[in-house]
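Worksheet for the structure shown next.
Below, all heavy atoms of this structure are taken into account, side chains as well, without hydrogens, waters or symmetry copies. Computed from a predicted model, the values in this text were never measured in an experiment. Both ligands and their constituent atoms are indexed starting at 1 by order of listing.
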Amino acid sequence: MTELVVEINNLSRDFGKTKALDCVDFQASRGKVYGLVGANGAGKTTLIKHLLGLLRAKSGTVKIFGEDPVRNPEGVLKRIGYLSEDRDIPDWMSIDELMRYTGAFHSTWDQGYAAELLSTFSLDPAKKIKTLSRGMRAQVALISAVAHRPDLLILDEPSSGLDAVVRKDILNAVVRTISEEGRTVIFSSHLLEEVERLSDHVTMIHQGKITLDSSLEIINSNHHCSSIRFADLQNSPPSLEGAAAISGEGRFFSVVHQSSMDAFQNSVKKIGGEVLKSRHATLEEIFISRVGRPNIGELSQHKENTR
Ligand code: ATP
């Protein structure tokens, strides 16, 4: 039987007129990595804040390890590692002081693991946090979130500020180690290629609603991107079974679709076209087909992350 670490039912949250979460159901099982994706303002951080008990569920229920995180914060929070979007760690401490300070809150703190990660990141424990670069600060915050080997690791935009090497190699290693040890990771990211690389399961949020919630394996096998050709010029994009997005013009079109290949080929044939080639759609293509193009905030964040 799979052990549920997170169980959210029918969770809604309004901020004034903004519906930040709208009837959200979400479950996370032990030992898996969950990627949470959505445009700016989609509701990811609001969902994470409910997991941590920082926001009380006004409608619906939130259970972490079978407990309400607002009613039993000590029992729940000691088993969670959290990297906030703001990396809020005290500037006046040295790295070593922060490690000892954070360690004091956790009976499971593994000083050897913290030291190993500091050395992997080439971080000098004697350095004051206020002297660190944004990326180094993100690394220190990540180490303090994982060194007590939490049962549930929650990372809000973990890649923000990390350089390409740290992002690809070290973040991968940290996240995979946690899940291989039978612990659960939930992370939000705008980097869809990273979500695709790291996650077992993808949850897409759009305007507070879950629009896709499935294992990456199923998402991959259900979504295709096909190039199609018509003998004659088309005045408008064709209407096709299962099509989520169509681009192109004239005789050539590219279609992201959820239909089976057989059904799609029949549908194209019926209107006088032919399928030239097909492949699995990338998560980015699926995201754009459901949510639209990333907005400017996301693009600038993406550029920042890939610097
Ligand atoms: P981003 O990717 O930009 O970090 P997000 O998916 O994390 O976005 P949230 O921070 O959860 O999005 O915000 C969801 C919506 O709720 C947004 O419209 C935001 O403006 C609104 N919101 C969030 N927190 C508050 C708050 N404390 N007061 C008022 N509105 C809020």
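- Counting only N and O atoms by type, the side chains of Glu67 and Asn72 include a donor and acceptor under 3.5 Å apart.
- For atom 20 (O) of ligand 1, no protein heavy-atom neighbour is found at a distance under 4.0 Å.
- Taking the six-membered ring for Trp and thresholds of 30 and 60 degrees, Trp109 and His106 have nearly parallel ring planes, at less than 30 degrees apart.
- Ranking protein heavy atoms by distance to atom 24 (N) of ligand 1, first place goes to Phe15 CE1, 3.4 Å.
- Counting heavy atoms under 4.0 Å from ligand 1, residue His190 touches it through the side chain alone.
- Pairing each heavy atom of Asn220 with each of Ala281, the nearest pair is OD1-O, 4.2 Å.
- For atom 9 (P) of ligand 1, the nearest protein heavy atom (residue, atom name, distance) is Thr46 OG1, 3.6 Å.
- Closest to atom 16 (O) of ligand 1 among all protein heavy atoms lies Ala20 CB, 3.4 Å.
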Next on the checklist: Walk me through whether Ser159 and Glu194 qualify under side chain to side chain donor-acceptor pair (under 3.5 Å).
Outcome noted: CA-CA 9 Å; Ser159 288; Glu194 174 176 277; 2.5 Å; yes
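- Among all protein heavy atoms, the one lying closest to atom 8 (O) of ligand 1 is Gly41 N, 2.8 Å.
- In terms of N/O distances under 3.5 Å, ligand 1 is approached by Ala42.
- For ligand 1, the polar-atom distance check against Gly43 finds a nitrogen or oxygen pair separated by under 3.5 Å.
- In terms of protein heavy-atom proximity, atom 10 (O) of ligand 1 is closest to Thr45 CB, 3.7 Å.
- Counting only heavy atoms of the protein, atom 3 (O) of ligand 1 lies nearest to Asn40 ND2, 3.0 Å.
- Between the side chain of Lys44 and the main chain of Val37, no donor-acceptor pair closer than 3.5 Å is present.
- Of the protein's non-hydrogen atoms, the one nearest atom 4 (O) of ligand 1 is Glu85 OE2, 2.9 Å.
- Counting only distance, with no hydrogens or angles, the side chain of Ser227 and the backbone of Ser254 share no donor-acceptor pair below 3.5 Å.
- Between Lys44 and ligand 1, a contact under 3.5 Å exists for at least one N or O pair.
- Counting heavy atoms under 4.0 Å from ligand 1, residue Thr18 touches it through the side chain alone.
- Atom CZ of Phe264 and atom CD1 of Ile228 lie 5.0 Å apart (nearest 0.5 Å).
- Between Asp25 and Lys209, none of the side-chain N atoms (NZ, or NE/NH1/NH2) sits under 4.0 Å from a carboxylate O, so this pair counts as no salt bridge.
- Remark: Lys32 does not engage Asp200 in a salt bridge, criterion side-chain N to carboxylate O under 4.0 Å.
- With a heavy-atom cut-off of 4.0 Å, Ala39 touches ligand 1 through its backbone alone.
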